[in-house]
Structure formats: C-alpha cells, structure tokens
Amino acid sequence: MEILGDLRILHLLCLGGVYVLYKLLHQLFLWPYLLSPHRKIPGPPLRDPFLGVFPEIMHAEAGILQRQWVKQYGPVVRAVGPFGVERIIFMKPEALHRILISDWLEYPRPDFMRNILGVVAGYGLLTVTGNEHKQMRKVMNPAFSIPNLMAQTDMYYDSIESLVDILSSATNAQQDPSQGKEFLMYEWMSKVTLDIICETAFGYKTNSLRDPHNELAEAYEHLIGLQSGPNIARFIGLMSIPGAPFLFRSQWAYDHRHWFFKSSLLAPAATTIESMYRIKSISQRILTERLSEAQSSAVNLEHDMQAKKDIMSLLVRARLAGDQANKGSGVKGYRMSDGAVMDQVLTFLGAGHETTASGLAWTLWLLANDPQSQRKLRAEVTPLLDANPRPSYRELKDLQWLDCVVLESLRLMPPVPMTLRKAAKTGTIDGVSVSKGTILYIPIRVVNTWKEIWGDDAEEFNPARWHSLPNTYHPTYSMLSFIAGPHACIGKTMAIIEMKSVLALLVANFEFEPSFPGQIVKPTAAVTMKPADSMPLRVKLVDRM
Ligand code: HEM
C-alpha cells in the first residue's frame, strides 16, 4: 500500500514537472516563435528566450531604444520581454485614440503597474479604473479648475522666493560671486515642488528648502533615489508575486524590514517600505489635523467646505459627507474611507512633485545649453516681474516665449517618458489583431520626437516651433507628455503654471550654464526622467538694476 502511495506521488510530481516544462517551453519558444498572432509584426530579434529585450530596455535611456525601433521597423513594433511576454508599440493617432480614449476601459493599466504605483504613490486615482475612477475624478476635478488654480498661484511664491534667496545668498558668499556657484539643480527643483504641492494642496508647510533634514523631503529623496532600470525590473518581478503588494504595505513588513535589508536583491524593497511608512505617517498627521479642524468648524459642513477647493478640503469633504449622510444631515457626495483619503493624499504628493521637478530641471538644462533662448526669456519676464514680483496666473499665461520654452521642454524631455496598458480582451488596433493580455507600450517620448510629425529637427530643442506648428501636428496625439483621455494627467494645468512661475523668477534672477564644457546629463532609465546625477549647473547672479 505504501509503495502504491509513493508511486502515486511520484506520478503526480512527474505530471506537475511535465506541465511546468510544457508551460516554460510554450512561453519561451512555442508562443513567441510559432503561435503568437503578433509574430509577423516587425520588431527587434527575440534574443535571450528568458529575458527577451528586457536587459537592453533596462539599461537604455527611457524611450531611446523604442525610438530607434520605430525608425527601423515602422509605426507598429513588437518587442518580446521576459518569458515571452509581448509588448506592442502603436504610434499612429487612430491607434492611440482607440487605446487611450474610445476604448480606454478595454486597455487598463497592467496589474503589476497598478501595484507598483499603489505601493509608492497610494491606491488612488493612478490605480483605479472604470466607475470608481469616474467618481473619484469627479470629486477631484474642481481642485484643478482654472478659477481654483488662479486663486492658488499666489501661494507658490513663498517657496519660490525662498529658493531665489537661498541661491542668491550662497552665490554671493563665494569669494568671487561673478564666477557663480554650482548647484545640483534637480535637488533644488525637487524641494521647491514638494514645498509648493504641500502648501497649495494640503495647507501644510514642509519648508524642505530651508530644512535639510525635513522628514518628508528625506523620505521622498530615498524613494526617488531608487529609480534605476535594474530596480524597476526587481519591482516588476516582486509585484507580480500574488500577495506581495499587500505584504509591502503591511505593518509586518515595516517591523521586519531589517530582514530585507540583508539581501542586496531585496534592499531596494526595504527602502521603499521604510520611506513609504514615513511618508504615510506624515500624511496621516496632516489628514488628522485637517479632519479635526473641519469637524470642529463645520457647523454647516456643506456651506463651509464648498468654499475651499484645495485637494485636501475636497477629500475631507468627501470623507465627512459619508459621516453626515449617516447622521441623516442630507449632505450628498462620494464617500471615502480614511484609508481611501490617505491613498489620494499619497497619490497627489507622489504624482505632483517629482514629475514637475524633473520638468523644471530639464528646462533649466536646455536653457543652459541655449543661451539665446535663455536671454530671450529673461528679456520677456524681467519687465513683468519689475512691475509685479508675483505675477498672476493670467500674466504668466500671456508670456509667449515662456509658453514656447515650457512646451518645448515638456515635448523633448517628457518627465514621464512612457506608460503601459494591457489588452483586457482580444481586439484590433490599427489593423493588427491584439490578443488579450498583450502589453501596450504608450510611446510618449517617441511620439513627442517623431520626425513624421515634428520634422527633421524633431530631436532638437527649438522653442520657436510652437509659433508655427507643422500641418502634421495634432493637439491630442502629437505631444503625449500628459497623455490623453479619461486617465490624462489631472494636474496638467497646475504643473504648467507652476513650472512657469518657478522659471520666470529663476531666469529673471540667475543665469544658468553647464557646470563644465562638454557636460552630458542623462535621465535615469526608469519611470520618470529624473537626471541621473541630479544635474549640476553653474548659476550666476543677474544684475537686475
Ligand atoms: C510636468 C508635470 C507632470 C507630468 C509630465 C505628468 C504626467 C502624467 C502622465 C503621463 C499621466 C498618465 C499616467 C498613466 O496613465 O499611465 C499622469 C497622470 C496623473 N497625474 Fe500627472 N503629471 C505631472 C504633474 C502632475 C501634478 C502637478 C499632479 C497633481 C497635483 C498630477 C497628478 C496626476 C494624477 C492624479 C494622475 C492620474 C490621473 C488618472 O488616472 O485619472 N500630475 N500624469
């Protein structure tokens, strides 16, 4: 009997082994080479059957390899990643319209991406889809309305003036101030954008510009510092393990993070767990303060909170609406739990801070390398700032060269160079049958610099192109920096006006130069275009008299 039992187990093990072997064979060879309906789509050779083109992608500058493929293979490209997982790039407007707008529900963000975003930026707007997304977006839209942003612009200036003061004092303290001083501009942009988002969105003064050990700034520094191709690959692997995203967010993981630190493979995960724990604790503190403020002053909640349209007030209102409705007060609204409000707070801190900082740092880099455009910008902003040191939303919007510079920088160096979608069911895009489960690469940087749209100088910085756009330009599908459709960036207008106000004050007060001749700055091969070396630039004072 015992022998029979052992034989059965052996049989089962053998069957299991054969199944795993077949699955591996299927994924590594049969599917990509013989069975996939996409195998005729042109694209780079399959190379390593285990990793596909992944190693090259992970070590290349974001979007550059894909741009080469599009040049070589045309507007639809297939690239096979690890274990035969296929990614398809679609470049044409009709295809992008289908994926991002008309059939967006059939092309959601892939689960591993939602989980990575959820772990590092909360399970908020960036991770939900369908009806839940629609409702959340409705609650948040008023915070980003033009009247609301007009009212908020003045709040940016405390932080920007602090930055100008810090850079001026440090430059003046040099033995020969006329030689200027080198600053890691990305780090300063990261601090100023963090202070701005905390103040305008949550009414919370971080003051990371003046406080080098600010807890929130430090936590984000550690988190953002993790960005590299190999780390992203590790995260994708980890987040694809069932239950891992839940574990990452648990108190248990925080309490046992020292275990993870012992393995070099898991150390980045431990840093993420630690940083997110600190960021959540601070956000929780802000939220608790605002909730108790609102509860104590809300004699008439609906009237009181309707006036305030900053992000936190809207969230608090949604949170309290649930309580009030329970008490039968009749206040209607989308209900949010404490946890959901926290997730939104994390989303706006994460999504609204590093992206704008990268955009600013690259604009300064491009201006440092184009002194003529920089001088032209200074000539435009100085008279306005002489007349009004804190220009309004409208005044900033009317500055034409500033507009050209910001748009051109966001086109050439989009802070989010790509994003992903996944086919939830089999369908046809641009005449190509796309099977369920296929990953779609949304080629933000590739489209933004596509010669078919932008002409031969598509890969160069030329702000003047915005004065006379080519006939091939389409307002929705030629510049994808904020993508398009229901998931398009909710903070687009805020980001642009914030960039304009920071740049106007910086360029009026300082000259920016590369820190040495022949300097090369590269973005990290990761989710955003954070400059790999924090972008050292030489900063000289401008005599405004
Ligand atoms: C230059 C700065 C910025 C750039 C380039 C940028 C870019 C993007 C992109 C490309 C997406 C789409 C991601 C995807 O669907 O996979 C996105 C979504 C989003 N962004 Fe931004 N963003 C910027 C600034 C901001 C700011 C300032 C905020 C808020 C304060 C913000 C909040 C969000 C949110 C909440 C989403 C998710 C929207 C949704 O799915 O409904 N972003 N952003």
Side-chain angles (χ1 to χ4, degrees), residues 62-63 96 99-101 104-105 107-110 112-114 116-118 121-141 143-145 148-149 152 155-156 189-190 192-194 196-202 310-312 314-315 343-363 406-407 409-422 439-445 447-448 479-503 523 527-530:
L96 294 167
I99 301 165
L100 298 174
I101 301 180
W104 68 287
L105 288 171
Y107 301 102
R109 294 177 180 120
F112 70 81
M113 182 180 167
R114 297 213 318 235
I116 294 179
L117 290 170
Y123 283 82
L125 257 184
L126 273 165
T127 62
V128 290
T129 193
N131 210 28
E132 196 182 356
H133 174 264
K134 220 171 166 177
Q135 282 189 305
M136 262 191 207
R137 194 88 196 202
K138 210 168 144 194
V139 169
M140 301 315 309
N141 273 338
F144 297 93
S145 66
N148 209 46
L149 291 175
Q152 270 186 4
M155 290 164 79
Y156 304 163
M189 295 305 103
S190 184
V192 78
T193 52
L194 182 65
I196 289 177
I197 187 83
C198 285
E199 165 102 53
T200 53
F202 309 116
D310 62 274
I311 297 171
M312 185 63 103
L314 290 164
L315 292 172
D343 275 319
Q344 295 299 348
V345 172
L346 294 176
T347 298
F348 287 106
L349 280 179
H353 153 220
E354 212 280 308
T355 44
T356 316
S358 286
L360 279 165
W362 286 109
T363 313
V406 168
L407 291 177
S409 165
L410 288 171
R411 179 189 73 82
L412 196 61
M413 300 302 277
V416 181
M418 59 79 123
T419 183
L420 301 172
R421 295 293 185 262
K422 183 177 176 172
I439 301 287
L440 305 175
Y441 177 100
I442 310 296
I444 297 178
R445 194 175 182 195
V447 165
N448 284 9
M479 166 139 155
L480 290 180
S481 306
F482 298 94
I483 68 158
H487 278 298
C489 178
I490 197 171
K492 175 182 173 180
T493 314
M494 175 180 176
I496 290 179
I497 209 68
E498 187 181 338
M499 283 179 70
K500 286 183 175 177
S501 55
V502 175
L503 285 170
V527 183
T528 62
M529 293 277 273
K530 174 190 175 301

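We count ligands from 1, going down the list as the structure has it; atoms in each ligand are counted the same way. Predicted model, so just to flag it, every value in this text is computed and none were measured.
- At a 4.0 Å heavy-atom cut-off, ligand 1 touches Ile197 through the side chain alone.
- Of all protein heavy atoms, the one closest to atom 24 (C) of ligand 1 is Thr355 OG1, 3.4 Å.
- Of all protein heavy atoms, the one closest to atom 29 (C) of ligand 1 is Phe348 CD2, 3.7 Å.
- For atom 2 (C) of ligand 1, the closest heavy atom belonging to the protein is Ala495 CB, 3.5 Å.
- Of the protein's non-hydrogen atoms, the one nearest atom 11 (C) of ligand 1 is Cys489 CB, 4.2 Å.
- Under 4.0 Å from ligand 1, not a single heavy atom of Lys492 appears.
- Looking only at distances, a side-chain donor or acceptor of Arg137 sits under 3.5 Å from a matching main-chain atom of Pro486.
- Regarding atom 10 (C) of ligand 1, its nearest protein heavy-atom neighbour is Ser481 O, 3.4 Å.
- Taking all atoms of both residues into account, the shortest heavy-atom contact from Thr347 to Leu126 is CG2-CD1, 3.9 Å.
- For atom 27 (C) of ligand 1, the closest heavy atom belonging to the protein is Gly352 CA, 3.5 Å.
- Closest protein heavy atom to atom 16 (O) of ligand 1: Thr419 OG1, 2.5 Å.
- With a 4.0 Å heavy-atom cut-off, ligand 1 is reached by no atom of Ser358.
- Protein heavy atom at the shortest distance from atom 25 (C) of ligand 1 is Ala351 O, 3.5 Å.
- Heavy atoms of Met418 found under 4.0 angstrom from ligand 1: none, in either backbone or side chain.
- Residue contacts with ligand 1 leave out His353, since none of its heavy atoms falls under 4.0 Å from the ligand.
- Checked by atom type and distance alone, the side chain of Arg411 never pairs as donor or acceptor with a backbone atom of Met479 at under 3.5 Å.
- Taking 4.5 Å as the limit, every side-chain heavy atom of Pro415 sits out of range of all side-chain heavy atoms of Trp362.
- Every atom of ligand 1 is numbered from 1 in the order shown, and the set under 4.0 Å from a heavy atom of Pro486 is 41 (O).
- Heavy-atom proximity to atom 35 (C) of ligand 1, evaluated over Ile442, Ile490, Leu480, is greatest for Ile490.
- Formation of a donor-acceptor pair under 3.5 Å by the Arg109 side chain with backbone atoms of Thr419 is not found in this model.
- Taking every heavy atom of both residues into account, Val128 and His133 meet most closely at CG2-CA, 3.7 Å.
- Side chains of Leu420 and Phe112 form a contact here, defined as non-hydrogen atoms less than 4.5 Å apart.
- Of all the listed residues (Trp104, Phe482, Trp362), Phe482 holds the heavy atom that lies closest to atom 4 (C) of ligand 1.
- With hydrogens and angles disregarded, a donor-acceptor distance shorter than 3.5 Å links the side chain of Asn448 to the backbone of Leu480.
- With hydrogens and angles disregarded, no donor-acceptor distance shorter than 3.5 Å links the side chain of Thr200 to the backbone of Gln152.
- Nearest to atom 40 (O) of ligand 1 by heavy-atom distance, out of Glu354, Met113, His487, Arg137, is His487.
- Side-chain N or O atoms of Arg114 include one that pairs as donor or acceptor with a backbone N or O of Thr127 at under 3.5 Å.
- Heavy-atom proximity to Leu126, at under 4.0 Å, picks out these atoms of ligand 1: 36 (C), 37 (C).
- A pairwise comparison of heavy atoms in Met529 and Ser358 identifies C-OG, 3.8 Å as the closest pair.
- Note on ring orientation: taking the six-membered ring where Trp is involved, the planes of Trp104 and His487 are perpendicular (angle over 60°, cut-offs 30° and 60°).
- At least one heavy atom of His133 lies less than 4.0 angstrom from ligand 1.
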